[in-house]
Engineer: 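This is the structure, below, for whatever I ask next.
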Protein chains: 2
Amino acid sequence: MPEKTAPLAQIGMLRHLTHAHWTRIEPEFSTLRHCAAGETVSERGQPLSQSLLLLDGIVGRRIRTGRNHSGRHHLVALQVPGDFVDLHAYPLKVLDHDIVAITDVRMAAVSHTRLKAVLGSHPELSRQLWSLTLVDAAIHRHWALRNGTMRALQRVANLFAELVTRLDEGHGTTGDTYLLNLTQPHIGDACGLSGVHVNRVLRSLREANCCTYAKGRLVVQDRAALNRIADFDPYYLYLPET
Amino acid sequence: MPEKTAPLAQIGMLRHLTHAHWTRIEPEFSTLRHCAAGETVSERGQPLSQSLLLLDGIVGRRIRTGRNHSGRHHLVALQVPGDFVDLHAYPLKVLDHDIVAITDVRMAAVSHTRLKAVLGSHPELSRQLWSLTLVDAAIHRHWALRNGTMRALQRVANLFAELVTRLDEGHGTTGDTYLLNLTQPHIGDACGLSGVHVNRVLRSLREANCCTYAKGRLVVQDRAALNRIADFDPYYLYLPET
DNA sequence: ATCTGTCGTTAATAATTGTTAAGACGAGGA
DNA sequence: TCCTCGTCTTAACAATTATTAACGACAGAT
């Protein structure tokens with residue numbers, strides 16, 4: 001028998017769900033899962049029987065390229081608290097990418113069996129969960145856009161702008177310090193840059209008094225400047241109107 | 001009363017639907033829509049009350065960047081016959097990007113009202129449609145990967161490899177000539193390259209006897225070479241097992 | 001305590017790609 | 001017919017970014 005978790009808060013993108021629907025699905029999350037930074041949460045091709053909701057920390061979607069996937073890593077998405085990390089495994093049964101913990105993370109799990117039982121009689125809840133994955137898709141499109149159209153400085157600034165916006169949305173506050181725990185090579189993997197060039201870009205952002213990234217921690221000194229350098233428009237995030 | 005269309009074939013990604021579910025939803029497509037190459041099918045922010053299924057031709061998802069969106073265009077996705085172009089508008093109500101016809105296209109429409117009625121009593125069909133949008137999301141992730149990790153030659157080759165695979169999947173055959181109707185700047189918009197550099201890349205592919213792109217038409221001379229140059233692994237397309 | 005590996009930093013160099021400009025070509029209109 | 005427009009093509013040049021290398025700092029392992 002799985003242990004019962006404490007009630008979960010309706011944070012971040014979960015606010016796309018109406019409160020009534022949230023209270024309907026929240027009790028179905030019956031187990032907690034912890035992963036330490038660097039651990040693999042799930043692997044490409046592995047059949048999944050449950051989906052995970054991220055409560056705390058950051059996870060990344062990673063794809064390995066090259067012959068027999070032995071080459072470089074690349075980060076194609078980052079998830080923040082309130083995101084489902086695995087929800088697409090419910091309809092698709094299997095994922096085409098790895099999921100790795102960037103920071104230490106805490107997640108809540110719901111089995112696909114129970115999900116199916118609930119969704120079968122709640123089409124509107126189905127539609128709301130579907131929406132969550134569609135917002136992820138919109139974010140993926142933006143990552144393609146970022147890597148396709150922006151120069152290095154703007155790319156990194158834009159990634160930071162997106163992440164702080166999404167992290168703020170999770171907490172419901174606006175902060176100025178964020179623990180991302182990404183190494184400079186990680187940022188390069190996400191933005192399509194070499195680690196060396198990420199280092200140059202971070203120095204530029206620091207010298208522009210825009211933001212400082214050190215030891216996995218992002219400190220935003222001038223958010224307006226960050227958004228300007230990033231040409232950041234959060235429309236694609238489909239943030240719930242407050 | 002909308003005109004009734006002729007029965008639609010279950011092509012391309014629609015084969016993710018079981019035949020039983022397809023026959024359930026197929027009659028709901030009650031109107032046809034045609035667009036000429038270059039026309040805008042729907043615009044960012046415009047509320048949509050129906051979704052479109054692509055029957056013939058190619059459409060692109062386009063995002064404008066820069067202050068007040070007056071800058072460059074970028075293509076973040078291309079859809080081929082058998083794809084829904086608009087299905088995410090059903091849960092999301094509104095799109096964050098424009099949809100433009102690349103070639104002349106023919107589409108079938110289903111109203112969200114009827115979709116809601118059908119899906120409300122068919123949770124398994126809901127899940128299958130959800131899957132279709134999740135495959136699109138996987139393709140988006142691959143586009144981010146392509147623009148982030150690959151050099152120009154590989155990027156264009158990879159885009160071509162993806163498109164011919166998806167177009168073949170639509171027709172159920174393997175061909176060697178494909179009408180894409182993309183200009184060289186279009187390809188640049190999709191791959192994050194300048195039009196001039198696309199021209200250089202196309203010459204390389206031609207001189208390698210790999211494939212020839214001219215007048216909007218792609219002729220694949222050596223598919224193995226194309227897939228090799230592209231480092232192409234179609235796993236992410238979640239092709240239905242045949 | 002020492003070794004080992006990863007990360008961060010910087011510089012020098014090389015490769016890739018963007019920009020600008022100009023001419024060729026073809027389609028379609030006056 | 002001639003003109004115009006958009007696309008394709010190429011060249012020359014400039015800007016961006018990757019690569020390699022070297023070194024210091026640090027953490028974990030033995």
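To find a chain, count down the sequence lines: A is the first, B the second, and so on, and within it residues start at 1.
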Engineer: What is the distance, to the nearest angstrom, from the CG atom on Leu182(B) to the P atom on dG6(D)?
Structural biologist: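 In whole Å, dG6(D) P and Leu182(B) CG are 19 Å from each other.
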Engineer: Scan side-chain atoms only and decide if His140(A) and Arg141(B) contain a donor-acceptor pair under the 3.5 Å cut-off.
Structural biologist: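 Short answer, yes.
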Engineer: To the nearest angstrom, how far is Asn147(B) atom CG from dG18(C) atom P?
Structural biologist: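 It is 11 Å, rounded to the nearest whole Å.
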Engineer: Any carboxylate oxygen within less than 4.0 angstrom of a Lys/Arg side-chain nitrogen, looking at Asp168(B) and Arg223(B)?
Structural biologist: yes
Engineer: Answer with yes or no after comparing the ring centroid distance for Tyr178(A) and Phe160(A) against a 6.0 Å cut-off, counting only values under it.
Structural biologist: no
Engineer: Which residue, Tyr236(B), Tyr235(B), Tyr238(B), forms the side-chain hydrogen bond (donor to acceptor under 3.5 Å, both in side chains) with Asp96(A)?
Structural biologist: Tyr238(B)
Engineer: From dT10(C), dC8(D), dT10(D), pick the nucleotide closest to the side chain of Pro185(B)?
Structural biologist: dC8(D)
Engineer: Give each protein N/O atom lying under 3.5 Å from an N/O atom of nucleotides 16-22 of chain D, with the pair distance.
Structural biologist:
from, atom 1, to, atom 2, distance (Å)
dT16(D), O3', Arg151(A), NH1, 2.9
dT17(D), OP1, Arg151(A), NH1, 3.3
dT17(D), OP1, Ala152(A), N, 2.8
dT17(D), OP2, His197(A), NE2, 3.3
dA18(D), OP1, Gly192(A), O, 3.4
dA18(D), OP1, Ser194(A), N, 3.3
dA18(D), OP2, Ser194(A), N, 3.2
dA18(D), OP2, Ser194(A), OG, 3.2
dA18(D), N7, Arg200(A), NH2, 3.1

Engineer: Minimum heavy-atom separation for Ala161(A) to Asn227(A), with atom names?
Structural biologist: CB-OD1, 3.7 Å
Engineer: Could you tell me how far apart Arg203(B) (CZ) and dT9(D) (P) are, to the nearest whole angstrom?
Structural biologist: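 To the nearest whole Å, that distance equals 9 Å.
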Engineer: Could you tell me the separation between the CD1 atom of Ile102(B) and the P atom of dT7(D), rounded to a whole number of Å?
Structural biologist: 12 Å
Engineer: Can you name the one residue among Arg61(A), Arg62(A), Arg44(A) that meets side-chain hydrogen bond (donor to acceptor under 3.5 Å, both in side chains) with His97(A)?
Structural biologist: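 Filter result, single survivor: Arg61(A).
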Engineer: Could you go through Ser194(A) and His197(A), starting from their C-alpha distance and side-chain angles, then the distance that decides it, and tell me whether this counts as side-chain hydrogen bond (donor to acceptor under 3.5 Å, both in side chains)?
Structural biologist: CA-CA 5 Å; Ser194(A) 69; His197(A) 203 60; 5.5 Å; no
Engineer: Where is the tightest heavy-atom contact between Ala37(A) and Asp104(A), given as atom of each residue plus distance?
Structural biologist: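 Residues Ala37(A) and Asp104(A), closest heavy atoms: N-OD1, 2.8 Å.
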Engineer: Taking only the side-chain nitrogens and oxygens of Asn199(A), find out if one of them lies under 4.0 Å from OP1 or OP2 of dT9(C).
Structural biologist: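 Checking dT9(C) against Asn199(A), a side-chain N or O does come within under 4.0 Å of OP1 or OP2.
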Engineer: Atom pairs under 3.5 Å, N or O on each side, protein against nucleotides 24-30 of chain D: can you list them with distances?
Structural biologist:
none

Engineer: Leu205(A) and side chain to side chain contact (heavy atoms under 4.5 Å, CB included): which partner among Leu218(A), Thr212(A), Val156(A), Asp222(A)?
Structural biologist: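 It is Val156(A), the one option of Leu218(A), Thr212(A), Val156(A), Asp222(A) that forms the side chain to side chain contact (heavy atoms under 4.5 Å, CB included) with Leu205(A).
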Engineer: Given atom CG of Leu202(A) and atom P of dT9(C), what is their separation to the nearest angstrom?
Structural biologist: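 Between P of dT9(C) and CG of Leu202(A): 8 Å.
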Engineer: Measure the distance from NE2 on His186(A) to C1' on dG8(C) and round it to the nearest whole Å.
Structural biologist: 14 Å
